[in-house]
Number of protein chains: 4
Amino acid sequence: MTTRTRGRPRNADADRAILEATRDLLLADGYEQLTIQAIAELAGVAKQTVYRRWPSKARIVADAVLGGYLSTGFEGRADAASSTPGMGSSREPDDLRAWLHAAAIQLSDATNVTIVRALAAAAAESEEDATRLYSAFTEPGRRQLLALLRAGVERGDLRADADLEAAADAIQGAVLYTALARRPPQVEHLDSLADVLFAGLEAR
Amino acid sequence: MTTRTRGRPRNADADRAILEATRDLLLADGYEQLTIQAIAELAGVAKQTVYRRWPSKARIVADAVLGGYLSTGFEGRADAASSTPGMGSSREPDDLRAWLHAAAIQLSDATNVTIVRALAAAAAESEEDATRLYSAFTEPGRRQLLALLRAGVERGDLRADADLEAAADAIQGAVLYTALARRPPQVEHLDSLADVLFAGLEAR
Amino acid sequence: MTTRTRGRPRNADADRAILEATRDLLLADGYEQLTIQAIAELAGVAKQTVYRRWPSKARIVADAVLGGYLSTGFEGRADAASSTPGMGSSREPDDLRAWLHAAAIQLSDATNVTIVRALAAAAAESEEDATRLYSAFTEPGRRQLLALLRAGVERGDLRADADLEAAADAIQGAVLYTALARRPPQVEHLDSLADVLFAGLEAR
Amino acid sequence: MTTRTRGRPRNADADRAILEATRDLLLADGYEQLTIQAIAELAGVAKQTVYRRWPSKARIVADAVLGGYLSTGFEGRADAASSTPGMGSSREPDDLRAWLHAAAIQLSDATNVTIVRALAAAAAESEEDATRLYSAFTEPGRRQLLALLRAGVERGDLRADADLEAAADAIQGAVLYTALARRPPQVEHLDSLADVLFAGLEAR
DNA sequence: TTTTAAGCGAGACGGTACGTCGTGTCTTGTT
DNA sequence: AACAAGACACGACGTACCGTCTCGCTTAAAA
């Protein structure tokens with residue numbers, strides 16, 4: 001009843017082929033070199049078929065990056081959320097360290113760095129989508145982080161009145177900064193960060 | 001001696017005109033819409049004159065952003081480095097708060113947000129320049145931050161063995177993240193961040 | 001059957017508009033000043049539409065000159081072929097004279113001289129097309145000439161074993177030479193030429 | 001006395017180097033591809049040095065073609081004028097045939113055809129120089145031809161009142177036509193032409 | 001001598017056109 | 001309707017030459 005399905009139905013394979021082609025080209029050449037023309041060609045699809053489904057390059061990339069075809073963030077794949085390493089550890093700073101170590105490992109993979117860069121470029125282009133894009137991208141990791149910190153509060157390790165959002169911003173920001181600036185993430189610094197934040201949040 | 005100046009020398013005015021035109025167009029339309037053609041036209045210069053001096057749009061933007069024609073970072077203008085608010089305050093967390101407040105104020109100016117976005121886009125495009133670009137961009141602010149933190153260490157407010165680099169990464173990363181994600185910076189969160197970090201770094 | 005017409009068909013109006021624009025610009029400024037850019041603009045067509053149909057300026061000019069949009073030769077318009085002056089005259093040298101007079105009249109028109117020059121320039125540029133271009137250009141006139149000479153043979157005025165091709169070469173060559181060298185064609189010389197050739201071809 | 005020779009005198013070697021470079025490039029790539037930039041580079045000379053001496057590409061080519069650096073016509077090199085084959089023969093048609101055979105031989109050399117084409121292109125470009133260019137180019141051969149025909153008149157072989165200019169036009173025009181249209185010159189036709197013209201000019 | 005005037009190599013400069021590429025839209029015929 | 005194919009107007013790309021204009025330097029005649 002919602003929308004009458006008249007005429008020839010859209011080919012669902014096309015969506016997948018387009019997103020897959022987008023991913024491949026993105027990893028090969030980067031966001032700027034990516035063209036809708038090339039996506040259509042690689043996907044074996046007419047250009048119009050792409051335009052019929054997405055309004056802009058930024059949106060295609062957003063779906064390709066966030067839609068499960070790619071690792072969805074520097075914090076881990078969406079489907080890996082439940083198996084975050086360190087969750088449930090008895091000591092808080094170990095959990096934080098483990099999370100940051102996992103992030104560091106992901107960022108040592110060039111593929112993931114490319115994805116982060118593509119996302120930044122897409123967000124820079126599309127004024128109104130930037131917030132949506134970043135929040136979608138960082139959401140899974142953020143949920144993990146906050147869960148982890150809240151567990152610390154409940155255990156009594158961390159202050160009850162701590163601003164966990166601010167801490168999460170600092171952590172994810174530091175990781176994002178590292179990725180964008182293409183500085184190889186240094187585990188010692190991340191450990192120090194975990195320690196400082198833990199100390200700052202610690203219950204007295 | 002080094003390299004004989006042969007032939008007609010380059011017109012120094014052209015450099016300035018090009019960078020100024022780049023700045024104006026960048027603020028008006030954003031990085032993606034910026035074209036070298038338009039830069040040349042606005043600068044009153046032949047296209048070839050631009051190509052003779054810069055190899056890519058990313059490099060022009062880098063120079064325009066970093067070369068003193070624009071505020072050189074979300075942390076403050078290069079020429080404002082000495083007048084950083086709060087420097088020399090007697091209490092550490094006040095200094096940190098003041099610095100973050102200044103950053104927040106800068107990011108509430110759409111102009112500066114545009115610059116940060118342009119920088120992210122330029123860095124995403126140019127693989128090898130990204131590090132150079134980000135470090136040049138964040139360097140002034142980073143120097144301020146570290147000076148501020150070191151002063152705290154010397155006063156005895158902060159731990160002598162604290163990893164100040166890690167703290168600076170967290171702070172600048174958080175601010176960058178906020179800017180890129182286009183979330184209006186919220187002063188309360190920044191204050192919390194200052195507090196947490198201070199607590200974590202505090203001498204016992 | 002041959003080749004399935006797939007995709008959007010080409011706009012036939014564009015062809016005409018392009019050739020017409022080419023003709024106008026050619027007559028106004030000459031071959032060297034002619035640019036594909038200007039052709040496209042005057043034709044109200046995108047540059048790419050021109051490049052999609054012709055591989056070079058020389059080819060466009062060839063089609064513009066030969067395609068019926070211009071007088072197709074210094075010997076007469078294609079559609080004037082049947083009304084060649086003098087055809088059917090009872091005396092051979094009069095026919096030849098009339099033909100040469102017509103050629104002289106055409107070459108006293110600056111437009112036609114411009115066309116001949118454009119043709120020479122286009123032929124000079126395009127190695128392999130030169131033969132095609134010249135033969136297409138001179139074919140109509142040559143047909144007239146040969147018909148005229150053959151009529152003379154049949155009437156018994158001219159030798160049966162005369163090399164009419166050689167005579168036609170001499171006549172067309174002389175006219176072409178005159179046109180290219182931009183020497184105003186002198187009727188007396190042309191008359192002399194007709195007389196000499198007639199005398200040389202005459203049946204004894 | 002007229003123009004005081006003040007300042008540094010022009011380097012005569014440059015003229016030669018420029019014309020030589022022009023010739024080489026012309027033969028290699030043709031008139032259209034020839035650029036003043038390339039000439040200067042190949043000649044080892046600054047662009048301005050070329051512009052100081054010649055006002056246009058057409059003029060440089062004219063001098064290069066006519067100035068003794070190249071065979072100066074399809075009828076023979078300037079310095080070969082005196083040794084024209086067949087001159088002084090006892091029978092007129094043999095002289096004419098010999099002259100045309102020599103022309104045919106020259107046009108079977110691709111170099112000379114290229115030169116003729118370059119000349120035609122240069123003449124097409126430069127409105128006012130065309131006459132000068134063609135007459136300079138064809139003058140040596142024309143002199144030979146007319147001398148040859150006049151000798152026939154004096155011997156009594158040819159009519160005293162014959163229009164020798166018209167005959168020369170026909171001959172040179174036929175040869176030029178052949179060269180430009182890039183039709184391999186056919187000796188039989190040229191022989192026929194000689195015969196027809198001789199017969200037409202013959203004293204009764 | 002010292003000036004003055006021009007030539008010269010080098011190369012920047014404002015232009016203009018090149019031929020290509022990608023955009024997003026628009027016909028075609030076919031499914 | 002969607003789709004593959006491909007034409008289309010548009011506009012930018014990066015390059016090549018145009019003809020002119022500084023530069024620093026050289027070369028000779030005039031002062």
(message) Using whole Å, what does the distance between atom C1' of nucleotide F:dC18 and atom CD1 of D:Ile60 come to?
(response) 13 Å
(request) Using whole Å, report how far CD of C:Glu125 lies from C1' of E:dC18. (result) 13 Å
(request) Take the protein atom CD of C:Glu41 and the nucleotide atom P of F:dG11, then report the distance between them rounded to whole Å. (result) 11 Å
(request) Would you kindly check whether a donor in the side chain of B:Arg8 faces an acceptor in the base of F:dC21, or vice versa, at under 3.5 angstrom? (result) yes
(request) Choose from E:dA5, F:dC18, F:dA2 the nucleotide whose nearest atom is closest to any side-chain atom of D:Arg6. (result) E:dA5
(message) With rounding to the nearest 0.5 angstrom, report the CH2 to CG distance, A:Trp54 to A:Asp15.
(response) 4.5 Å
(message) I need the residues from residues 45-52 of chain A with at least one non-hydrogen atom less than 4.0 Å from DNA chain E; give them sorted by number, or say none.
(response) A:Lys47, A:Gln48, A:Tyr51
(message) Expressed as a whole number of angstroms, how long is the span from C:Asp29:CG to E:dT16:P?
(response) 15 Å
(message) Rounding to an integer number of Å, can you tell me how far C:Ile36 CD1 sits from E:dT20 C1'?
(response) 13 Å
(message) Return whichever of A:Gly44 or B:Pro9 has its heavy-atom-nearest nucleotide of DNA chain F closer to the 5' end.
(response) A:Gly44
(request) Find the distance between CG (C:Asp29) and OG1 (C:Thr35) and round it off to the nearest 0.5 Å. (result) 9.0 Å
(request) Find the distance C:Leu42:CG to F:dA9:C1' and express it as a whole number of Å. (result) 16 Å
Can you give each donor-acceptor pair under 3.5 Å made by side-chain atoms of residues 44-52 of chain C, sequence neighbours left out, with the distance rounded to 0.1 Å?
| residue | atom | partner | partner atom | Å |
| --- | --- | --- | --- | --- |
| C:Lys47 | NZ | C:Gln37 | OE1 | 3.3 |

(request) Taking A:Thr131 for its side chain and B:Ala181 for its backbone only, find out whether a donor-acceptor pair lies under 3.5 Å. (result) yes
(request) Please round to the nearest 0.5 Å and tell me the distance separating atom OG1 of A:Thr22 and atom CG of A:Leu34. (result) 6.0 Å
(request) Send over the distance from D:Gln37 CD to E:dG11 P, rounded to a whole Å. (result) 12 Å
(message) side chain to side chain contact (heavy atoms under 4.5 Å, CB included), that's the test. Do C:Leu133 and C:Val65 meet it? Break it down for me.
(response) CA-CA 9 Å; C:Leu133 205 50; C:Val65 168; over 6 Å; no
(message) What is the separation between atom CD on B:Gln33 and atom P on F:dG11, rounded to the nearest whole Å?
(response) 13 Å
(message) Measuring to OP1 and OP2 of E:dC26, would you say a side-chain N or O of C:Arg10 lies under 4.0 angstrom away?
(response) no
(message) Could you check whether D:Glu125 and D:Tyr31, counting side-chain N and O atoms only, form a donor-acceptor pair closer than 3.5 Å?
(response) yes
